[in-house]
Amino acid sequence: MTSLRADAVRNRALLLATARQAVASGDLSLQLNEMARRAGMGVGTVYRHFPTRRVLLEALAEPAFAAVLEGAQTASLHDDPWTGVEILLRALLLQQLADPAFAEVIASPAADDAIPQTTAQRNEFNALARTVLARARESGALRPGLTDEDLHHLVCGTAFALGLGPTPLARVDAYLCVLLDGVAGKAE
């Protein structure tokens, strides 16, 4: 990637901050013309940095992807397979709750990715998750018959369910406990 001029770096940072404010206020539409208006810059500037809503969405999700990758790495290195599953699912759940942009990106198919970095991060996460889940299956800690995709959908569904309440972070442990109880194998 070529380096950006200082003014372009400032504009990109301002656009991301403006979009983060919109998302924090519950507006995930991220209409590029509206982002330009809110940031006080021309529409052409916005489109140069973020040619589509999806590109902007993925740029917003990047820090959460980095955090979930850190959690997945920790999970993959844990000695106890079941604890690895707990760490992995907690990291994925917390990032979805903390960042609606990430929740949308991670819930969508990889074919929707607009930025190569998103695909690379998704692939790295999937590889780490496969390692964690394979170890748990081999140890009998994970319910037989559950696929990696099943677990991904269950975590996304749990995040959605938590989001329906007024204070989702206050209920994370309770919901995660129910989810983990449901996916645990007979060995636990």
Side-chain angles (χ1 to χ4, degrees), residues 1-72 88-126 128-129 148-149 151-172 175-176 179:
M1 180 176 176
T2 58
S3 61
L4 297 173
R5 294 183 337 229
D7 62 328
V9 170
R10 282 191 303 275
N11 286 341
R12 186 176 196 285
L14 176 58
L15 286 166
L16 287 170
T18 300
R20 279 192 184 92
Q21 286 177 341
V23 169
S25 72
D27 179 7
L28 205 57
S29 68
L30 298 176
Q31 295 175 11
L32 298 181
N33 291 354
E34 178 61 15
M35 293 301 103
R37 186 193 66 72
R38 289 183 187 184
M41 62 182 64
V43 174
T45 301
V46 174
Y47 280 89
R48 269 191 298 284
H49 289 282
F50 307 106
T52 66
R53 174 194 178 273
R54 180 66 188 208
V55 171
L56 176 56
L57 187 72
E58 289 178 27
L60 289 172
E62 196 284 324
F65 246 123
V68 83
L69 282 170
E70 185 177 318
L88 178 73
L89 298 186
R90 177 179 291 281
L92 184 56
L93 181 60
L94 288 175
Q95 289 309 312
Q96 287 183 63
L97 291 172
D99 188 342
F102 174 75
E104 184 175 329
V105 170
I106 200 70
S108 64
D112 290 352
D113 291 351
I115 302 174
Q117 180 180 351
T118 302
T119 303
Q121 288 175 314
R122 184 189 299 269
N123 290 341
E124 184 179 352
F125 173 76
N126 288 340
L128 290 166
D148 295 358
E149 187 176 11
L151 289 166
H152 179 82
H153 291 163
L154 288 167
V155 174
C156 288
T158 302
F160 177 79
L162 278 161
L164 295 174
T167 55
L169 292 176
R171 302 292 298 151
V172 167
Y175 278 54
L176 186 59
L179 174 62

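- Of all heavy-atom pairs between Ala36 and Val46, the closest is CB-CG2, 3.4 Å.
- Side chains of Arg122 and Ser108 form a contact here, defined as non-hydrogen atoms less than 4.5 Å apart.
- Considering only heavy atoms from C-beta on, Phe102 comes within 4.5 Å of Leu92 through its side chain.
- Contact record, Phe125 with Leu69: N-CD2, 3.4 Å, taken as the closest heavy-atom pair.
- We find the OG1-CG distance between Thr118 and Asp112 to be 11.0 Å, quoted to the nearest 0.5 Å.
- Using a 4.5 Å heavy-atom threshold, the side chains of Arg54 and Ile115 count as separate.
- Heavy-atom minimum distance, Ala22 versus Arg38: CB-NH1, 3.0 Å.
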Checklist line | From CA spacing to verdict: side-chain contact (heavy atoms from CB on, under 4.5 Å), Val68, Leu94 | finding: CA-CA 9 Å; Val68 83; Leu94 288 175; over 6 Å; no
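- Distance check, rounded to the nearest 0.5 Å: CG of Leu88 to CZ of Arg90 gives 12.0 Å.
- Taken to the nearest 0.5 Å, the CG atom of Asn33 stands 4.5 Å off from the OH atom of Tyr47.
- The heavy-atom pair separating Gly71 from Ala91 by the smallest distance is CA-CB, 4.0 Å.
- Counting only heavy atoms from C-beta outward, the side chains of Thr18 and Arg37 never approach each other to under 4.5 Å.
- Taking each heavy atom of Ala107 and His152 in turn, the nearest pair found is CA-NE2, 4.3 Å.
- Expressed to the nearest 0.5 Å, how far CZ of Arg12 lies from CG of Leu14 amounts to 12.0 Å.
- The structure places CG of Leu179 at 7.5 Å from CG of Leu93, a figure rounded to the nearest 0.5 Å.
- Minimum heavy-atom separation, Ala61 to Asp99: CA-OD2, 4.0 Å.
- Residues Leu30 and Leu60 have side chains in contact (heavy-atom distance under 4.5 Å, counting atoms from C-beta outward).
- Scored by the ring-ring contact (aromatic ring centres under 6.0 Å, His included) test, Phe50 finds no partners at all (sequence neighbours excluded).
- Residues meeting the salt bridge (Lys or Arg N to Asp or Glu O under 4.0 Å) test with Arg20, sequence neighbours left out: none.
- Taking 4.5 Å as the limit, every side-chain heavy atom of His49 sits out of range of all side-chain heavy atoms of Leu56.
- To the nearest 0.5 Å, the span separating OG1 on Thr52 from CD on Glu58 amounts to 7.5 Å.
- Enclosure of atom CZ in Phe160 is not indicated, since only 12 or fewer non-hydrogen atoms of other residues, nucleotides or ligands lie within 6.0 angstrom.
- No side-chain donor-acceptor contact under 3.5 Å links Arg171 to the backbone of Leu162.
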